[in-house]
J.: 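Once you've had a glance at the structure underneath, I'll fire off some questions.
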Amino acid sequence: MTAATPIRVALIGLGKIARDQHLPAMAADPRFALVAVVSRHAQQPGLPSFHTFDDLLASGVAFDAVALCTPPQVRHGLARRALEAGKHVMLEKPPGATLSEVEDLRQVADARGVTLQATWHSRYAPAVAPARAWLEGRTITAARINWREDVRVWHPGQDWIWEPGGLGVFDPGINALSIATAVLPRPFFLTEATLHVPENRQSPIQAQLAFVDTLGVPVTAEFDFLQTGPQSWDIEVDTDGGALRLSHGGARLWIDRALVHEQPEAEYPGLYARFAELIGAGQSDVDVTPLRHVADVFLLGRRVAAPAFIE
Ligand code: NAP
């Protein structure tokens with residue numbers, strides 16, 4: 001694809017992430033042209049807007065790809081319709097509400113010869129690749145994830161997050177797992193988890209996780225949706241060659257408390273560059289590893305009743 005023949009994208013679900021990241025990332029990348037929006041409530045000035053995906057398909061508006069920015073619970077049906085219509089599909093994270101439906105999408109994409117991209121935006125944070133490179137060849141002795149944010153600040157009014165399939169605190173927590181699975185050199189497996197579920201909600205508000213990797217190295221995670229004051233999106237890794245810390249969601253890399261890498265954030269431009277590459281190469285990229293860890297937590301975790309959550 002070239003700037004002369006951009007990939008024509010229809011965006012579905014005009015919520016926070018669509019407006020904050022997808023619209024600017026597409027506008028800045030000449031390989032893409034946003035040609036339509038599907039939204040139950042909103043319109044995008046200057047663009048054809050449709051209430052449903054069926055309305056878009058029936059409209060005759062030509063498009064090559066879909067960016068799916070809805071909550072995960074409604075992703076599979078929309079993605080399947082798009083793939084069956086021969087469109088390339090970018091899935092926001094998490095790629096689905098279940099592992100089985102993501103596998104179904106992978107098979108449909110393969111059968112139709114179109115691109116399916118399961119995005120993990122945090123893997124495109126600027127210090128993630130340098131962290132992976134620094135850890136290569138070092139002996140890791142422990143890793144700790146601390147992901148604590150205030151749900152009232154970051155997710156106001158997002159009722160879907162508390163519903164089945166919305167993941168609760170794992171909506172941000174899965175970002176940490178997407179980074180950990182990208183930088184740690186060996187697979188790790190859940191051994192124990194505690195999930196704190198508010199008595200008036202379906203999804204956890206806090207969680208403590210214990211994993212072990214294939215050499216027995218412990219990996220722990222603390223996820224907290226009730227953090228007020230300073231927020232933390234940190235991963236610490238102890239090694240024989242020093243202590244690594246990824247902070248600010250993978251934006252900054254520290255070695256032995258010294259800041260060694262910091263660059264401006266460009267996660268979504270990175271995702272769209274990758275989408276263009278995949279489409280150009282006729283490939284898909286569907287890594288479910290972070291979602292599989294969350295599914296394991298929901299299988300193995302011990303539930304503890306937590307006080308009702310009132311927004
Ligand atoms: P959001 O602000 O609630 O927006 C989601 C949009 O999806 C809604 O505005 C709605 O748009 C549409 N939608 C379609 N069916 C829906 C349904 N049944 N219930 C609710 N909304 C429905 O959520 P978001 O923060 O943008 O998150 C969307 C996805 O992006 C999630 O999977 C999330 O994990 C991911 N994500 C979010 C962030 C973030 O910082 N917020 C960052 C990275 C990834 P219309 O009214 O236009 O139909």
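Keep in mind that what you see is a predicted model, and the values were worked out from it rather than measured. We count ligands from 1, going down the list as the structure has it; atoms in each ligand are counted the same way.
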J.: Around atom 4 (O) of ligand 1, find the nearest protein heavy atom and jot down its residue, atom name and distance.
T.: Gly15 CA, 3.2 Å
J.: Any heavy atom of Arg75 sitting closer than 4.0 Å to ligand 1?
T.: yes
J.: Under 3.5 Å between some N or O of ligand 1 and some N or O of His155?
T.: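 Such a contact does not occur with ligand 1.
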J.: So if you build clusters from Ile, Leu, Val, Met, Phe, Trp, Tyr with side-chain heavy-atom gaps below 4.5 Å, do Leu195 and Phe223 land together?
T.: yes
J.: For atom 26 (O) of ligand 1, grab the closest protein heavy atom and report residue, atom and distance to one decimal in Å.
T.: Ile17 N, 2.8 Å
J.: Students often mix this up, so state it plainly: with edges at 30° and 60°, are the rings of Phe170 and Phe298 parallel, tilted or perpendicular?
T.: perpendicular
J.: Note the single closest protein heavy atom to atom 48 (O) of ligand 1, along with its residue, its atom name and the distance in Å.
T.: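 Nearest protein contact, heavy atoms only, for atom 48 (O) of ligand 1 is Arg40 N, 2.9 Å.
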J.: From atom 13 (N) of ligand 1, work out which of Cys69, Gly13, Pro71 has a heavy atom at the shortest distance.
T.: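 Selected option, by shortest heavy-atom distance: Pro71.
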J.: Identify, for atom 23 (O) of ligand 1, the protein heavy atom at the shortest distance, and state residue, atom and that distance.
T.: Gln158 NE2, 3.3 Å
J.: Who's the nearest protein heavy-atom neighbour of atom 2 (O) of ligand 1, and how far?
T.: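 Checking every protein heavy atom, the shortest distance to atom 2 (O) of ligand 1 gives Lys16 N, 2.9 Å.
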J.: Atom 35 (C) of ligand 1: which protein heavy atom is closest, and how many Å away?
T.: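 For atom 35 (C) of ligand 1, the nearest protein heavy atom is Lys93 O, 3.5 Å.
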J.: For atom 3 (O) of ligand 1, what is the nearest protein heavy atom, given as residue, atom name and distance?
T.: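 Answer, as residue, atom name and distance: Trp160 NE1, 2.9 Å.
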J.: Under 3.5 Å between any N/O of Val38 and any N/O of ligand 1: does that happen in this structure?
T.: no
J.: I would like to know whether Phe309 and Glu199 meet side-chain contact (heavy atoms from CB on, under 4.5 Å); could you show each step before the answer?
T.: CA-CA 8 Å; Phe309 174 74; Glu199 61 186 23; over 6 Å; no
J.: Please say whether Ser39 places an N or O atom under 3.5 Å from an N or O atom belonging to ligand 1.
T.: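 Checking ligand 1 against Ser39, an N or O pair does fall under 3.5 Å apart.
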